[in-house]
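Notes to accompany the following structure.
What you are looking at is a predicted structure, and each value in this text was computed from that prediction instead of being measured.
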Amino acid sequence: MKPSDLECRPVDELWEFYEEVSAQLTSRLITKKDLLEKRLRQLSRRFEAEVHQGKSRRQPYPKVHPKFRNPDEPSQTWTGRGKQPRWLAAQLRSGRRIEDFRIERVS
């Protein structure tokens, strides 16, 4: 239907046309929404199944034993990974060597 056809139509007829178009559009949108929701449910089920199978789970890191110990506070240890702890950084600034804090391993 061309815009010029709409201009010459009476208001009552245009209103009926508007209601038909609105009903048709509502029906199609509901159908489309239902279809999308169904696909979303299928995808979420598939994703949950993959998570439960362990495909996307992170592997645990192996246990890392401490390599350095604070002689003033023996409960404070450091594995040598990540940022240096404050107690070690302070000791190093005061002139001590990192080897002074190494924990000896007994094999």
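- Looking at every heavy atom in both residues, Gln84 comes nearest to Ile98 through NE2-CD1, 4.3 Å.
- For the atom pair NZ of Lys33 and OG1 of Thr26, the computed distance is 12.0 Å after rounding to the nearest 0.5 Å.
- Thr31 places a side-chain N or O within 3.5 Å of a backbone atom of Ser27 that can act as its donor or acceptor partner.
- You'll find the side chain of Arg69 stays beyond 4.5 Å of the side chain of Phe101, heavy atoms only.
- At a threshold of 4.5 Å between non-hydrogen side-chain atoms, the residues Val64 and Lys67 count as touching.
- Formation of a donor-acceptor pair under 3.5 Å by the Trp15 side chain with backbone atoms of Tyr18 is not found in this model.
- Arg97 is listed as a side-chain neighbour of Asp100, based on a closest heavy-atom distance under 4.5 Å.
- Using modelled atom types, one finds no donor on one side chain facing an acceptor on the other under 3.5 Å when comparing Gln91 with Trp87.
- Separation of atoms CD1 (Ile30) and CD (Glu37) is listed at 10.5 Å; rounding is to 0.5 Å.
- Side-chain contact between Pro71 and Arg96 is present, with heavy atoms from C-beta onward closer than 4.5 Å.
- With values rounded to the nearest 0.5 angstrom, Arg93 atom CZ is found 10.0 Å from Leu88 atom CG.
- Residues Thr77 and Phe68 form no side-chain contact, since every pair of their non-hydrogen atoms from C-beta on lies 4.5 Å or further apart.
- For Glu20, there are no side chain to side chain donor-acceptor pair (under 3.5 Å) partners, not counting sequence neighbours.
- Atom CZ of Arg102 is separated from atom CD of Glu99 by 4.5 Å, given to the nearest 0.5 angstrom.
- Leu25 belongs to a hydrophobic cluster with Leu29, counting contacts under 4.5 Å between side-chain heavy atoms of Ile, Leu, Val, Met, Phe, Trp and Tyr, direct or through other members.
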